[in-house]
Engineer: 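There's a structure below that I have some questions on.
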Amino acid sequence: MEIEKIYEPQKTESRWSQFWLDSNLYRADPSAPPPVFSIVIPPPNVTGSLHMGHMLDHTIMDAAVRWHRMRGDNTLWLPGTDHAGIATQLMVERMLAEQGITRKQLGREEFERRVWEWKEKYGSRITDQMKHIGDSVDWSREQFTLSAELSPAVIEAFVRLYEKGLIYRGAYMVNWCPRCQTAISDLETVHQESQGSLWHIKYPISGTDRFLTVATTRPETMLGDTAVAINAKDARYFDLHGQTVRLPLMDREIPIVLDDMADPAFGSGAVKVTPAHDPNDFELGKRHNLPRIQVIDEQGHMTAQAGAYAGLDRFEARRRVVADLEKLGLLAKIEPHHLSIGRCDRCKTVIEPLVSTQWFLKTKPLAAKALEAAADGSIRFVPDNWNATYLNWMTNIRDWCISRQLWWGHRIPAWHCGDCREITVARTQVETCPKCGSANLEQDSDVLDTWFSSGLWPFSTLGWPNQTQDLATYYPTSVLITGFDILFFWVARMIMLGIELTGQVPFRQVHMHGLVRAGDGTKMSKTKGNVIDPLDITAKFGTDAVRVSLLIGVAAGTDIVYTEEKLTAARGFANKIWNASRLLFLNMDRSGVMPAVPEPGALVELEDRWIFNELHRTADGVNRAFENHRYHEVAETLWHFFWHDFCDWYLEIKKQRLVENSGLTNDWKNLLSVFASALKLLHPIMPFLTEELWSKLDQTTSISLERYPVAGVMDEAAGRQMAVLQKIITEARTQRANGNLGMKTLEGQLFVDEAAGPLVEAQAAVIDKLTNVKFTVQRENPLPGGFRVVLIAPAQDTAAQRVRLEKEIAQHQKLVADKDRQLQNEKFMQSAPAHIVESLRVKRAEYQEQLEKSRAALGGLA
RNA sequence: GGGCGCGUAGCUCAGUUGGUUAGAGCGCCUGCUUCACACGCAGGAGGCCCGGGGUUCGAGUCCCUGCGCGCCCACCA
């Protein structure tokens with residue numbers, strides 16, 4: 001068999017991803033027997049392309065899914081994409097802008113058509129990339145949040161929630177993005193600390209020559225002030241209650257009201273009140289029945305109500321207002337002040353709080369159930385410290401503004417009567433107004449927040465509201481695997497909507513992983529230019545290497561710092577597996593063994609008993625690690641087993657036993673069956689390489705359809721015996737290295753006591769071969785440590801040896817003394833459990849033996 | 001203002017319920033082109049586990065406290 005010396009993933013990966021795709025291997029069958037493992041993908045935006053965060057996310061999911069499938073679970077991994085309302089609309093708008101077209105010029109229908117066109121053309125980029133990296137999803141069940149298939153679920157959800165009184169419409173203060181021209185939710189605003197100013201403005205108190213000074217960070221809003229508030233407990237101002245001030249620049253009388261919102265300790269203690277442009281003032285205005293004067297419009301320009309400032313941009317208006325106040329001598333002072341400014345998550349435009357008529361979801365009742373689900377354990381967070389964050393957010397949740405003034409999205413299923421103004425919410429097109437019978441109806445022009453439809457994802461994709469077989473089998477899903485950055489946006493909302501609409505939690509566990517960071521620990525960002533494109537590195541290093549390098553760093557709850565060194569190391573591991581296989585295949589040719597996976601032979605040789613025991617322990621550890629979402633442990637356990645047990649010891653011993661033209665010996669049976677088991681264990685984390693090697697074993701089916709368990713056998717005695725063998729071999733190698741004895745074959749004496757004797761005599765050939773020493777074995781009783789290695793060499797560097805031995809002696813003397821002190825400690829002896837005391841005694845004896853061994857060796861030098 | 005997390009080898013990180021020489025990978029040093037692999041093999045050096053206090057027979061691990069760093073949430077003008 002021809003096999004290259006270096007593993008070149010480029011040569012095979014695309015073949016296998018295509019094979020997995022074409023053969024429909026991962027199509028789920030709801031009628032298959034339980035247990036069920038189901039998982040839905042966090043739908044990436046259609047506008048997106050795969051980044052390292054996805055790569056990590058998908059690697060974990062794919063590994064988990066492949067593992068479950070190999071265990072024989074009825075497994076579904078459902079893929080799909082999100083229509084990403086604002087993001088997609090923005091993208092198409094920008095494209096149109098290049099041709100000098102605005103969406104308003106096109107009109108709604110044509111614009112929507114263009115977005116669909118864009119989606120058809122470019123929207124499959126990320127799913128193509130998923131196919132490329134071999135995600136073992138069920139493509140036959142691929143979904144899209146805005147598809148005709150999912151729309152009924154969205155409408156059904158909206159109507160049901162509306163009918164229950166959980167969705168309402170009204171004029172409230174919302175976060176308005178003047179650029180996107182839409183309301184956005186609290187979560188879509190990002191707060192940024194920045195250095196601003198606090199302007200102190202003097203408002204003349206009517207009928208007096210006194211002033212009431214107010215402090216504000218947004219002087220332009222004073223044009224819309226309809227009151228000044230003071231605190232009832234503030235003795236400085238109490239007498240002013242009920243009086244009025246004359247609002248500068250607008251020349252309007254506004255009342256002075258008492259309200260706790262005014263903090264006597266802040267600024268001057270008096271607050272200007274602009275109910276139309278500040279959330280707090282909005283609430284205060286309601287309490288005091290104040291009028292709302294809107295001075296800033298949806299574009300961020302001053303309205304006609306702003307008098308002389310009408311038409312100005314809000315920031316320009318600020319400068320003018322300040323300048324004019326200063327001219328009038330009404331500006332008391334300007335203080336530097338740091339504050340946090342809300343910006344649009346998408347376009348970073350400064351948010352304008354505006355009163356606007358929108359649709360809202362009442363969240364408190366949903367949150368109560370969502371909290372309960374976390375409290376009673378029906379949803380478990382991994383790691384569980386996310387509970388606190390979740391609880392905190394759910395407890396302080398505010399109503400969710402779900403309407404957007406966009407064109408790309410699920411149109412709100414509500415119809416407005418042009419005659420009687422009645423609003424009718426319905427599942428299907430409303431033709432006549434149920435109140436007045438008018439046919440003059442128009443559907444609400446708003447669309448729903450993208451996250452509303454993604455919030456239904458775990459059940460809408462399975463057929464809800466219809467009671468499909470998929471829904472019955474795969475819902476609730478088993479686990480959600482995602483980054484913590486969308487805990488509130490998505491995870492929390494799925495939980496609320498899932499429980500409310502289906503009566504069940506949408507998933508039983510939530511595994512949250514961290515961010516993938518750049519090598520210097522900072523976030524990857526396009527502006528910083530430190531973004532790693534996963535497709536670049538998979539092309540260069542191989543997908544399996546990328547996967548392993550990510551998994552090995554993914555300890556629960558912490559971010560991953562991503563460096564090229566990890567990638568190189570993981571590629572080395574892939575190459576190691578490749579070359580171990582190369583050794584096997586080359587020797588199979590020589591031995592005349594056909595590529596196949598045989599049943600294990602008899603476990604006679606020590607190395608066979610030992611490796612099957614290690615295999616057993618490894619499989620056990622890997623299974624446990626998968627169950628507990630400890631993916632780094634999965635990778636590390638397998639790495640260690642394959643490299644340091646299988647290659648370093650087992651293959652090194654075994655290859656001495658492979659004889660030309662011997663046929664399928666017992667050695668071969670064991671070797672091949674361990675190898676096949678190792679491939680199976682590795683497959684979930686390294687699907688490409690293992691599939692390639694599996695096929696070289698002349699297996700006709702995909703390894704991903706193979707079943708655990710692997711061929712492990714528990715044999716702890718073999719483990720102990722092998723440890724002795726390894727110690728002897730290592731001791732001989734160390735002496736050779738420390739004595740600068742070169743690589744030539746040496747003579748040596750191996751002294752062993754009665755206990756170690758039979759083992760060493762049986763393994764003499766192995767010891768000789770692995771140490772390149774011709775040993776003569778002699779009994780010696782008693783013998784500290786059970787064995788003693790003496791290399792016979794002409795030019796030993798005795799000085800260096802002496803130094804080393806003296807150091808060892810000192811070390812062990814201290815250790816023995818430590819143990820003695822412990823063992824003489826009465827309190828320890830009373831309270832420590834028996835096995836601890838016992839192991840301490842054993843250790844002490846070992847140290848004592850080593851101490852004596854070193855002393856004997858030192859004596860031998862002289 | 002609340003909440004979460006981190007600090008262990010030069011670097012990136014593991015370290016289960018407290019249990020006795022603190023581990024890995026990379027890097028470093030020494031030797032090796034040995035017919036699977038130099039993307040390799042063998043051997044090795046390197047740690048007041050952030051500081052201080054406490055609980056305990058025993059603390060990297062639990063408690064308190066200080067320092068340093070990061071993140072999330074929040075309508076203080």
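Just so you know, these numbers come straight off a predicted model, no measurement behind them.
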Engineer: Pick the P atom in B/C6 and in B/U17, then give their distance to the nearest Å.
Structural biologist: 14 Å
Engineer: Please pick, from B/G43, B/A36, B/C57, the nucleotide with the shortest atom-to-atom distance to any side-chain atom of A/T730.
Structural biologist: B/G43
Engineer: Start at the 5' end of RNA chain B and walk down; is the nucleotide closest to A/R218 or to A/G572 reached first?
Structural biologist: A/G572
Engineer: Looking at A/W578, does any N or O in its side chain come under 4.0 Å of the phosphate oxygens OP1/OP2 on B/G40?
Structural biologist: no
Engineer: Just by modelled atom types, is the A/A262 backbone N or O under 3.5 Å from a matching donor or acceptor in the A/N231 side chain?
Structural biologist: yes
Engineer: How many whole angstroms separate atom CG of A/N175 from atom C1' of B/A74?
Structural biologist: 13 Å
Engineer: May I ask you to evaluate whether A/H644 reaches the phosphate of B/G25, defined as a side-chain N or O under 4.0 Å from OP1 or OP2?
Structural biologist: yes
Engineer: Which nucleotide sits closest to the side chain of A/F266: B/U12, B/A77, B/G15?
Structural biologist: B/A77
Engineer: Would you measure the distance from the C1' atom in B/C39 across to the matching atom in B/U33 and give it in whole Å?
Structural biologist: 15 Å
Engineer: Any non-hydrogen side-chain atom of A/L658 less than 4.5 Å from a side-chain atom of A/R590?
Structural biologist: no
Engineer: Whole angstrom is fine here: how far is it from CD in A/Q656 over to P in B/A36?
Structural biologist: 10 Å
Engineer: Quick one: label A/W199 by what it contacts on the DNA or RNA (base, sugar-phosphate, nothing), any heavy atom closer than 4.0 Å.
Structural biologist: nothing
Engineer: With a 4.0 Å cutoff (strictly under), does any side-chain N or O of A/K655 reach OP1 or OP2 of B/C35?
Structural biologist: no
Engineer: Please classify the nucleic acid contact of A/A388 as base, sugar-phosphate, or nothing, using heavy-atom distances under 4.0 Å.
Structural biologist: sugar-phosphate
Engineer: Whole Å only: how far is the CG atom of A/D559 from the P atom of B/U12?
Structural biologist: 14 Å
Engineer: Have a look at A/G542 and say if it touches a base, only the backbone sugar-phosphate, or nothing, with a 4.0 Å heavy-atom cut-off.
Structural biologist: nothing
Engineer: What's the closest nucleotide to the A/N392 side chain, out of B/C39, B/G25, B/C73?
Structural biologist: B/C73
Engineer: What is the nucleic acid contact for A/A570, judged by heavy atoms within less than 4.0 Å: base, sugar-phosphate only, or nothing?
Structural biologist: nothing
Engineer: Quick one: does A/D559's side chain have a donor or acceptor within less than 3.5 Å of a partner on A/L515's backbone?
Structural biologist: yes
Engineer: What's the closest nucleotide to the A/I836 side chain, out of B/C32, B/A36, B/G19?
Structural biologist: B/G19
Engineer: I'd like to know if the side chain of A/H277 reaches the main chain of A/I296, judged simply by a donor and an acceptor atom lying under 3.5 Å from each other, with no hydrogens or angles considered.
Structural biologist: yes
Engineer: Strictly below 4.0 Å: does A/T734 bring a side-chain N or O up to OP1 or OP2 of B/G44?
Structural biologist: yes
Engineer: In whole Å, measure the gap between the P atoms of B/G2 and B/G58 for me.
Structural biologist: 37 Å
Engineer: Nearest-nucleotide wise, let me know which of A/V561 and A/S340 is further upstream toward the 5' end of RNA chain B.
Structural biologist: A/V561
Engineer: What class does the angle between the rings of A/W639 and A/W643 fall in, given that below 30° is parallel, 30 to 60° is tilted and above 60° is perpendicular?
Structural biologist: parallel
Engineer: Would you mind telling me which of B/G43, B/A36, B/U20 lies closest to the side-chain atoms of A/F828?
Structural biologist: B/U20
Engineer: Provide the distance between the two C1' atoms, one in B/C50 and one in B/C69, to the nearest whole Å.
Structural biologist: 11 Å
Engineer: Evaluate the side-chain proximity of A/K576 to A/N579: yes if any heavy-atom separation is below 4.5 Å, no if none is.
Structural biologist: no
Engineer: How many whole angstroms separate atom CD of A/Q192 from atom C1' of B/C71?
Structural biologist: 16 Å
Engineer: Roughly, in whole Å, what's the span from NZ in A/K843 to P in B/U20?
Structural biologist: 7 Å
Engineer: Can you identify which nucleotide, out of B/A36, B/A14, B/C37, has its nearest atom closest to the A/E636 side chain?
Structural biologist: B/A14
Engineer: Which whole number of Å gives the distance between the P atom of B/G52 and that of B/A59?
Structural biologist: 15 Å
Engineer: Give a yes or no on whether a donor-acceptor pair under 3.5 Å exists between the nucleobase atoms of B/C37, that is its base, and the side chain of A/K576.
Structural biologist: yes
Engineer: Can you tell me the distance, in whole Å, between the CD atom of A/E652 and the P atom of B/A36?
Structural biologist: 9 Å
Engineer: When the C1' atoms of B/G15 and B/C62 are considered, how many whole Å apart are they?
Structural biologist: 16 Å
Engineer: Atom CZ of A/F381 to atom C1' of B/C4: distance rounded to whole Å?
Structural biologist: 14 Å
Engineer: Among B/U20, B/G3, B/C37, which nucleotide has an atom closest to any side-chain atom of A/K5?
Structural biologist: B/C37
Engineer: Which nucleotide wins on minimum distance to the side chain of A/R630, given the candidates B/C71, B/G15, B/U21?
Structural biologist: B/G15
Engineer: Measuring only the C1' atom in each nucleotide, how far is B/C11 from B/G47? A whole number of Å is fine.
Structural biologist: 14 Å
Engineer: Output yes when at least one side-chain N/O atom of A/Y847 is less than 4.0 Å from OP1 or OP2 of B/U21, else no.
Structural biologist: yes
Engineer: From C-beta outward on A/Q850, which listed nucleotide comes closest to its side chain: B/U21, B/A77, B/C57?
Structural biologist: B/U21
Engineer: Is the shortest side-chain N to carboxylate O distance from A/R624 to A/E633 below 4.0 Å?
Structural biologist: no
Engineer: Starting at atom NE2 of A/H835, determine the distance to atom C1' of B/U17, rounded to an integer number of angstrom.
Structural biologist: 12 Å
Engineer: If we take the C1' atom in both B/C29 and B/G10, what is their distance in whole Å?
Structural biologist: 13 Å
Engineer: For A/K11 and A/E8, run salt bridge (Lys or Arg N to Asp or Glu O under 4.0 Å): C-alpha distance rounded to whole Å, both residues' side-chain angles, the deciding distance at 0.1 Å, then the answer.
Structural biologist: CA-CA 6 Å; A/K11 289 193 177 165; A/E8 292 174 67; 3.5 Å; yes
Engineer: Just to be sure I understand the rule, does A/A580 reach a base, reach only the sugar-phosphate, or reach nothing, if contact means heavy atoms closer than 4.0 Å?
Structural biologist: base
Engineer: Counting side-chain heavy atoms from C-beta on, which of B/C39, B/A42, B/C71 comes nearest to A/D648?
Structural biologist: B/A42
